[in-house]
Amino acid sequence: MKAVQYREIGAAPEVVTLPDPEPGPGQVLLRVAAAGVCHSDIALMSWPAESFPYPLPLTLGHEGAGTVVALGDGVRGIEEGDSVAVYGPQGCGRCAKCARGRENYCLRAAELGIFPPGLGAPGAMAEYLLVNDARFLQPLHGLDPVTTVPLTDAGLTPYHAIRRALPKLVPGSTAVVIGAGGLGHVAIQLLRALTPARVVALDVAEEKLALARDVGAHEVVLSDERAAERVRELTGGLGAEGVFDFVGAEPTTALAGSVAAVEADVAIVGLGGGAVPVGINTTAFDVAVAAPYWGSRSELAEVLELARAGAVEVRVETYSLDEAPVAYERLHEGKVNGRAVILPNG
């Protein structure tokens, strides 16, 4: 099979040919219909050799969807021909967090060497993908795998971050979304579907702001040196009750802290390396700052139900497997508007 791999520290991803995988006991083999391209991959490929945590070569792609083509011995509850999405942050299935379906916070994954596909384990950016357990598969039930595959991360991650803030996003409240790209433009739709809050989107690119308005943002603000002032003006000086930073760099985390209202929830989702200092006279009183990671299996099922109801739709650009290196270049240059999706068998 053909696959896209990160093979050498500092090198660009390559399209290679690998043996076709075969499912062992308990495993499920998918013919991949779609695989998402994410900034997390670029972050991974930017790590230096001394801190790189995974063996190379590594097949990329932690967002995957496809069709079941073979079952290993003992697999129950799924059949060949089923169209499914892959739950990425796979855990041990036995610890206290996994028992609640929160495998994204598995307490033993590192100890047991369990990694998400594309982030340590072979990923979905290939013609075929082995999944170690059927519990990691969510039926699509008629959803298009191409437009749905980003929801396994770009939908699930903001949904998980937004859910914890729902009690504060009441009528008259404001939610700020920093970064209106792959995750941010989905977060705007989720906020509109789940809350009565006014949604204010910030980005440095006019085309991303246009996308934000198109998918439902009430207000858009250019993320420049006056952005915090503009948000304060829009909120009568109070700030926002929910702030979701999908960039996570030092300038945006500083912005997130500065626009947070009293008792606000702030979620730093992006991987830019920034942080929000918390303390008296540093943030508004009782601001809660979190760094959420991905989401639970039950939350993925809920996100897919929202997609079936038409409440959320990902804007995608599609590329062939051979074009995957170009897709990564475009993403790194900020030229992807929405989410890039690879079609390994398209």
Side-chain angles (χ1 to χ4, degrees), residues 38-39 147 150-151 154-155 157-159 161-162 165-166 168-261 264-272 274 276 284 306 310-317 330-340:
C38 183
H39 276 288
T147 56
L151 294 177
T157 298
Y159 182 77
I162 289 167
L166 289 179
K168 298 180 181 180
L169 297 177
V170 297
S173 65
T174 298
V176 165
V177 173
I178 301 174
L183 275 70
H185 90 285
V186 179
I188 292 164
Q189 296 175 68
L190 291 170
L191 286 162
R192 291 300 309 270
L194 299 172
T195 82
R198 176 173 52 169
V199 179
V200 179
L202 287 75
D203 205 287
V204 296
E206 292 289 354
E207 63 269 21
K208 301 290 178 63
L209 293 178
L211 174 62
R213 190 178 291 282
D214 194 37
V215 298
H218 296 94
E219 305 282 351
V220 298
V221 174
L222 188 66
S223 190
D224 58 14
E225 65 279 357
R226 290 195 64 245
E229 178 185 345
R230 287 282 296 118
V231 172
R232 289 285 174 179
E233 290 172 357
L234 289 169
T235 58
L238 298 177
E241 287 74 16
V243 184
F244 307 93
D245 182 0
F246 295 102
V247 181
E250 286 188 10
T252 61
T253 56
L255 175 60
S258 68
V259 301
D265 276 350
V266 177
I268 307 302
V269 182
L271 300 177
V276 178
L306 286 168
V312 60
E313 180 182 356
V314 185
R315 303 293 176 89
V316 301
E317 299 179 2
R330 284 178 51 78
L331 181 65
H332 183 63
E333 294 168 358
K335 295 180 179 179
V336 173
N337 209 18
R339 200 67 159 175

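FYI, side chains are in, hydrogens and waters are out, and symmetry mates aren't considered; it's all heavy atoms of this structure. Residue numbers run from 1 in the order of the sequence given. On a predicted model such as this, the values are computed, not experimentally measured, just so you know.
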## Note on the structure
Value for CG (Leu209) from CG (Leu202), rounded to nearest 0.5 Å, stands at 7.5 Å
Close side-chain approach of [X] to [Y], heavy-atom, < 4.5 Å:
X      : Y      : result
Val259 : Val200 : no
Thr195 : Leu166 : yes
Thr174 : Glu241 : yes
Val199 : Arg192 : yes
Asn337 : Lys208 : yes
Leu222 : Glu206 : yes
Pro150 : Val186 : no
Val204 : Ser223 : yes

### Query
Could Glu219 and Arg230 be called an ion pair, given the rule that one side-chain N must be under 4.0 Å from one carboxylate O?
no
### Query
Less than 4.0 Å between a side-chain N and a carboxylate O, is that true for Arg226 and Glu233?
yes
Taking [Y]'s backbone N and O only, do any of them form a donor-acceptor pair with [X]'s side chain (distance below 3.5 Å, no angle check)?
X      : Y      : answer
Arg330 : Ala340 : no
His185 : Leu211 : no
Thr235 : Arg232 : yes
Glu317 : Val336 : no

### Query
Where do Phe244 and Leu191 land on the side chain to side chain contact (heavy atoms under 4.5 Å, CB included) test, with the steps shown first?
CA-CA 11 Å; Phe244 307 93; Leu191 286 162; 4.1 Å; yes
### Message
Counting neighbours of CD on Glu250 that are heavy atoms of other residues, nucleotides or ligands and sit closer than 6.0 Å, is the number greater than 12?
### Response
no
Determine the minimum heavy-atom distance between [X] and [Y], stating which atoms define it.
X      : Y      : result
Asp245 : Thr252 : OD2-OG1, 2.9 Å
Val220 : Ala212 : CG1-CB, 4.1 Å
Ala175 : Leu169 : CB-CD2, 4.1 Å
Val215 : Gln189 : O-CG, 3.6 Å
Ile268 : Ala256 : CD1-CB, 4.3 Å
Ala187 : Pro158 : CB-CB, 3.8 Å

### Query
Going through the checks in order, is the side chain to side chain contact (heavy atoms under 4.5 Å, CB included) test met by Tyr159 and Leu151?
CA-CA 10 Å; Tyr159 182 77; Leu151 294 177; over 6 Å; no
